[in-house]
Protein chains: 2
Amino acid sequence: MDEPAVIWDRPEPTRRPAPSPLSRESIVQAAIRLADAEGLEAVSVRKVAAELDAGPMRLYGYLSTKDDLLDLMVDAAYGEIPLPEATGQDWRTTLRELGHGIRQVALRHEWFADLLGRRPHLGPQALAYLEASLAALDRADEFATIDEVSRAIRTLHAYLIGALRTEVAERRAERSTGLDKDSWRRKAAPYLTRALSSGNYPTVANFVHNATRQTPDTAFDTGLNHLLAGITPPKPN
Amino acid sequence: MDEPAVIWDRPEPTRRPAPSPLSRESIVQAAIRLADAEGLEAVSVRKVAAELDAGPMRLYGYLSTKDDLLDLMVDAAYGEIPLPEATGQDWRTTLRELGHGIRQVALRHEWFADLLGRRPHLGPQALAYLEASLAALDRADEFATIDEVSRAIRTLHAYLIGALRTEVAERRAERSTGLDKDSWRRKAAPYLTRALSSGNYPTVANFVHNATRQTPDTAFDTGLNHLLAGITPPKPN
DNA sequence: TACTGTGTCGATACACTGTATCGAACGATA
DNA sequence: TATCGTTCGATACAGTGTATCGACACAGTA
């Protein structure tokens, strides 16, 4: 705490090395790399900055808050969804493609599912995705008014958010219990089997024991088809 | 750092006061009170413990991790959903009641929406809710196999999770921009109007300007009805 | 009554978080 | 060359979840 005595004790007045140039883009990509590798909770301002050989506060020239970073990550992820060009193809086909597109992103970047539905998605890429969804229905004859269109898309997106979140949650649970099946068997399984054999949840028990398990892919597709059927407007006559 | 000199300096050997009895129940309720009042991010082990006149580490006798606490909160919230008794009423009616029930909980405890879909919900109350959902369809004639039943319920839950999360997210956004409309007008609005008038998102722009806004209640109901229509099995003939 | 486990409590500590502050160093301008 | 405005990042602050472990209260024993 005393001031350094002799010159040799004093640190050389850190000539700042030409700082590697930064950009919102590079920051977001570093954050995404981190999130992919170690999960969303590993994304801290310090670690992202370190990845870029910068001090933590440097980032605050490009972002005003950590939430900004998360918003940018989300929008970047939306950008990875391939948007079908506006051909005259059936709207169902287009929406199915979009749905599978967003699912692929969520499986590739599980943190994306964590952020889905956390805040309104208003970034340019999210808007482009929304545009593609709305336009597909807007072109379709079955949908008379724009209100019908917007309600259908709202419903579809709600389903997608929920489906992707639960799928990722289940996948994580399976993965972690697969990693050490011992602790799973000791902890969760006894509780669950006790609960299920308690007689309090007969239908659940029946379902757990007798339902045929779908693969995640077909499960998602089944739900998506349910949904597309549901948002189809009733025939006028 | 030196040892205290005289007796009056030394703190009286803290006769531990009869510790107010704790329980998982009371801890969870304290956490819920906090989350209701100040949001989920205000729920910290320290604050919850303080609410109960206890040291932070005391809680770890009842929980093994903070995630446990969140899981317990979620299950307690599920417990607030009124479960319709198993009358012979139409399954649509039952599912609608359950849907509105879970929505009421999410609106009463917005943190519940934050936690929806984060992890598989396996607590007793969540199982009871699931049981009620499955049972409603199991009783219905239209659903032939348990597979059909489980897929329908999966889809419904996915929709509910997504719908409630987005509704809460929108409500929060509106609330915060309503609180200081100035910062909203200065920040988000310019970007959005620019984006919408850029011509890149024609359908979105049309939708924003011309769609008639539903109240949140009817919007939720509309989606729910879409969904119930979608999961209805096709007539056999 | 004295002593010795036994188990619980919580103070302290550790490593980490997001971000406000502000002196110092730089490049550009006068 | 002197000055200015900008940008950087070291330091600091208030908080986080939780591991550790000494100190205490009580139960059972001698």
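So you know, we letter chains A, B, ... as the sequences are listed, proteins then strands, and number each from 1.
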Nearest-Å distance for atom pair [atom1]/[atom2], residues [X] and [N]:
X: B/Arg58; N: D/dC24; atom1: CZ; atom2: P; answer: 18 Å
X: A/Leu40; N: C/dG18; atom1: CG; atom2: C1'; answer: 15 Å
X: A/Glu38; N: C/dT17; atom1: CD; atom2: P; answer: 11 Å
X: B/Leu59; N: C/dT8; atom1: CG; atom2: P; answer: 16 Å
X: B/Asp53; N: C/dC9; atom1: CG; atom2: C1'; answer: 15 Å
X: B/Leu34; N: D/dG15; atom1: CG; atom2: P; answer: 14 Å
X: B/Ile27; N: C/dG10; atom1: CD1; atom2: C1'; answer: 14 Å

(request) Would you mind classifying the nucleic acid contact of A/Val43 as base, sugar-phosphate or nothing, using non-hydrogen atoms under 4.0 angstrom? (result)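 Touches sugar-phosphate only.
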(request) Kindly write out the residues that satisfy ring-ring contact (aromatic ring centres under 6.0 Å, His included) with B/Phe207, not counting sequence neighbours, or none if the list is empty. (result) none
With sequence neighbours excluded, tell me which residues meet side chain to side chain contact (heavy atoms under 4.5 Å, CB included) with [X].
X: A/Leu196; answer: A/Val204, A/Ala205, A/Val208
X: B/Ile102; answer: B/Tyr78, B/Ile81, B/Phe112, B/Tyr129, B/Leu160, B/Leu164
X: A/Pro56; answer: A/Val45, A/Arg46
X: B/Ala152; answer: B/Leu137, B/Phe143, B/Ile231

(request) Verify the distance criterion only: is there a donor paired with an acceptor across the side chains of B/Asn200 and B/Ser198 at less than 3.5 Å? (result) yes
Do any side-chain atoms of residues 32-41 of chain A form donor-acceptor pairs under 3.5 angstrom with protein atoms, and if so which ones, sequence neighbours left out?
residue : atom : partner  : partner atom : Å
A/Asp36 : OD1  : A/His109 : ND1          : 2.7
A/Asp36 : OD1  : A/Trp111 : NE1          : 2.8
A/Asp36 : OD2  : A/His109 : ND1          : 3.1

(request) Could you pull out all residues at least two apart from B/Asp114 that satisfy salt bridge (charged side-chain N to carboxylate O under 4.0 Å, His left out)? (result) B/Arg172
(message) Considering only residues two or more places apart or on different chains, which pairs with a residue in residues 47-66 of chain B satisfy ring pair (Phe, Tyr, Trp, His ring centres under 6.0 Å)?
(response)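 Residue pairs with at least one partner in residues 47-66 of chain B: there are none.
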(message) Let's see if you get this right: which residues in residues 62-75 of chain A place a heavy atom under 4.0 Å from DNA chain C?
(response) A/Thr65, A/Lys66
(request) Answer yes or no: is there an ion pair linking A/Arg24 with A/Asp68, defined by an N-O contact shorter than 4.0 Å? (result)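 Result for this pair is no, no salt bridge flagged.
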(message) If the helix axis at each end comes from five base pairs, how far does the helix from C/dT1-D/dA30 to C/dA30-D/dT1 deviate from straight, to 10°?
(response) 30°
(request) Take nucleotides 11-16 of chain C nucleotide by nucleotide from the 5' end and write B, S or -, depending on whether a protein heavy atom sits under 4.0 Å from the base, only from the sugar-phosphate, or from neither. (result) B-B---
(request) List in chain and number order the residues that pass side-chain hydrogen bond (donor to acceptor under 3.5 Å, both in side chains) with B/Arg108, two or more places apart in sequence or in another chain; answer none if no residue qualifies. (result)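 B/Arg108 satisfies side-chain hydrogen bond (donor to acceptor under 3.5 Å, both in side chains) with B/Glu80 once adjacent residues are dropped.
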